[in-house]
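Small disclaimer: the values here were computed from a predicted structure and weren't measured. As a basis for the values below, the full set of heavy atoms in this structure was taken, side chains included, without hydrogen atoms, waters or symmetry mates.
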Amino acid sequence: MAAPLDIDQLRTFITIVDMGSFTRAADEVNKTQSAVSMQMRRLEERVGKALFEKNGRVNRLTGDGERLLAYARKLVRLNNETLAAFDDEALAGTIRIGTPDDYADRYMPDIIARFAKSNPNVELSITCEPSKELTDKLNRNELDIALVTHNPKVRNSIMVRSEPLLWVTSLAHAVHTESPVPLAVGRRNCDWRQLGCAALDSVGREYSVLFTSWSSTVVASAVLAGLAVSLLPESALRPGMRILTSADGYPPLPPAEIGMIRRPGVATVLMDAITDHIAASLDNMTSAEEAPDSPSVHKSSRKRARSAQMFSSW
């Protein structure tokens, strides 16, 4: 009878794929890189197939590696669910989380995936709306937790992340030189819109609001198309955007701050677990770095994976 697969080896295998690197996977599973490499060699010996193949200085999944990945995810998930079913102290229940569209796009996928992996009996319900509407829903007991733009003058939230708020334009266009400068921003009660307009007013720069949307995707599209200037937090910058500074006539902005509000009365253990997880995840995320070849061009730093099939050296 064939020996069973090792769940720990499968879990490491999945982590390598998700992190895009043997080195980052080693940090994630709290093992040395040599230990991770040894686990993969033993896993290859166990299945009798090569799971990785060299491609220059990187390793990529083989066809057999791709086949194993689907089974590995199922086996690890079932293992976690089985253990949780017999754990009297396992977290269980439903948490309703509210977040603005742009936060959901940048932060929530990774946060949700990590929490769900460790707590399979917890159901997370996500609502995407602007900060004001989320605060109202929280007050009506329609949400348990809300990630909002931190603004102590408007709402009582605990700040969990701060990063630079930047003026941006298209790298391929000169719309930022127009007068009045066209803006793509949120609606009238958007905190960032109010900050941007106040900053331009302070230096006497004329502007007109050309695009109004709660959607970060719409705003970014208007910028990249060369139709408008906008202001975005550093982590939201995309390739093809140029950062504008005082030298371009755009004054510095206060930092973009994310706050978290939790509704009283929810099960304390479960609430503490998810709020602590969100706060720690946001705090550990690295902000985007400027490209080394040009101080005005943004390139994302520390991509989780260059490709679902390519990894750095063993």
### Query
Do the charged groups of D64 and R67 touch, with an N to O distance under 4.0 Å?
yes
### Task
Please determine, by modelled atom types, if R242 and H176 share a side-chain donor-acceptor pair under 3.5 angstrom.
yes
### Message
Rounded to the nearest 0.5 Å, what separates atom CD in E45 from atom CG in L51?
### Response
11.0 Å
#### Entry: Audit row: V148, I258, side-chain contact (heavy atoms from CB on, under 4.5 Å) steps and yes/no
CA-CA 6 Å; V148 296; I258 299 176; over 6 Å; no
### Task
Answer whether the closest heavy-atom distance between the side chains of D201 and Y207 falls below 4.5 Å.
yes
### Query
Okay, side chain of R263, backbone of L143: is any donor-acceptor separation there less than 3.5 Å?
yes
### Task
Give a yes or no answer on whether the side chain of D27 reaches the backbone of R24 with a donor-acceptor pair at less than 3.5 Å.
no
## Note on the structure
Closest non-hydrogen atoms of L224 and P239, given as atom of the first, atom of the second and distance, are CD2-O, 3.7 Å
### Query
Got S21 and I16 here, is their nearest side-chain heavy-atom distance under 4.5 Å?
no
### Task
Check the pair V229, V223 against side-chain contact (heavy atoms from CB on, under 4.5 Å), reporting the backbone distance first and the verdict last.
CA-CA 6 Å; V229 168; V223 171; over 6 Å; no
### Query
Is L78 reachable from Y71 through a run of I, L, V, M, F, W or Y residues, each pair having side-chain heavy atoms under 4.5 Å apart?
no
#### Entry: Verdict with reasoning, E129 to T99, per side-chain contact (heavy atoms from CB on, under 4.5 Å)
CA-CA 6 Å; E129 290 191 17; T99 174; over 6 Å; no
### D8 bridged to K31 by N-O distance under 4.0 Å
yes
#### Entry: Donor-acceptor under 3.5 Å (W167 side chain, S230 main chain)
no
### For L134 against A146, the heavy-atom pair lying closest together
CB-CB, 4.3 Å
### Query
Would you call E44 and R42 a salt bridge, using N to O less than 4.0 angstrom?
no
### Task
Give the cluster check for L61 versus V47: same hydrophobic cluster or not, with ILVMFWY residues linked at side-chain heavy-atom distances below 4.5 Å.
yes
### Message
Could you check whether atom CZ of R140 has more than 12 heavy atoms from other residues, nucleotides or ligands sitting under 6.0 Å from it?
### Response
yes
### Message
For the CG atom of L43 and the CG atom of L68, what is their distance to the nearest 0.5 Å?
### Response
5.5 Å
### Message
Within the 4.5 Å heavy-atom criterion, are L231 and L166 side-chain neighbours or not?
### Response
no
### Query
Do T177 and D248 touch side chain to side chain, with heavy atoms closer than 4.5 Å?
no
### Query
Taking the six-membered ring for Trp, are F52 and F22 parallel (under 30°), tilted (30 to 60°) or perpendicular (over 60°)?
perpendicular
### Task
Please report the closest heavy-atom contact between A220 and M241, naming both atoms and the distance.
CB-CE, 3.8 Å
### Query
S213 and S215: side-chain donor and acceptor closer than 3.5 Å?
no
## Note on the structure
Between T12 and Q39 the two heavy atoms that sit nearest each other are OG1-OE1, 2.7 Å
### Message
Has R193 got a side-chain atom pairing as donor or acceptor with V185's backbone, closer than 3.5 angstrom?
### Response
no
#### Entry: Test item: L165 and P233 side chains (from C-beta on) under 4.5 Å apart, heavy atoms
yes
### Query
For E163 and S235, what are the C-alpha separation, side-chain angles and deciding distance, and is it a side chain to side chain donor-acceptor pair (under 3.5 Å)?
CA-CA 8 Å; E163 61 181 284; S235 63; 3.0 Å; yes
### Task
Just do the side-chain contact (heavy atoms from CB on, under 4.5 Å) check on I274 and I97 with the steps written out, would you?
CA-CA 10 Å; I274 185 62; I97 302 174; 4.1 Å; yes
### Query
Can you hop from L5 to I14 via hydrophobic side chains spaced under 4.5 Å?
yes
### Polar side-chain atom of D144 near backbone of I95 as donor-acceptor pair, under 3.5 Å
no
### Query
So, for V160 and L282, which heavy atoms are closest and what is the spacing to 0.1 Å?
CG2-CD1, 3.5 Å
### Message
If you count heavy atoms of other groups shown closer than 6.0 angstrom to CD1 of I7, is the number above 12?
### Response
yes
## Note on the structure
Minimal heavy-atom distance between L10 and A72, with the atoms involved, is CD2-CB, 4.0 Å
### Message
Test of understanding: clusters of I, L, V, M, F, W, Y form through side-chain heavy atoms closer than 4.5 Å, transitively. Do Y250 and V175 belong to the same one?
### Response
yes
### Query
Looking at CZ of F13 and CG of L75, how far apart are the two atoms once the value is rounded to the nearest 0.5 Å?
11.5 Å
### Heavy-atom check, side chain of F211 versus side chain of L183, under 4.5 Å
no
#### Entry: Side chain to side chain, I261 and N156, heavy atoms closer than 4.5 Å
no
### Message
With rounding to the nearest 0.5 angstrom, report the OG1 to CD distance, T149 to E257.
### Response
10.0 Å
### Message
Distance check, rounded to the nearest 0.5 Å: S157 atom OG versus L147 atom CG?
### Response
9.5 Å
### Task
Starting at CG of D276, measure out to CE of M271 and round the result to the nearest 0.5 Å.
11.0 Å
#### Entry: Test: R11 and D6 ion pair at under 4.0 Å
no
### Query
Does some side-chain heavy atom of T169 sit less than 4.5 Å from a side-chain heavy atom of H173?
no
### Query
Do D191 and K132 meet the salt-bridge criterion of a basic N to acidic O distance under 4.0 Å?
no
### Query
L210 and L195: same hydrophobic cluster, using ILVMFWY side-chain contacts below 4.5 Å?
no
### Task
Check for a donor-acceptor pair, side chain of T32 on one end and backbone N or O of A35 on the other, with a separation under 3.5 Å.
yes
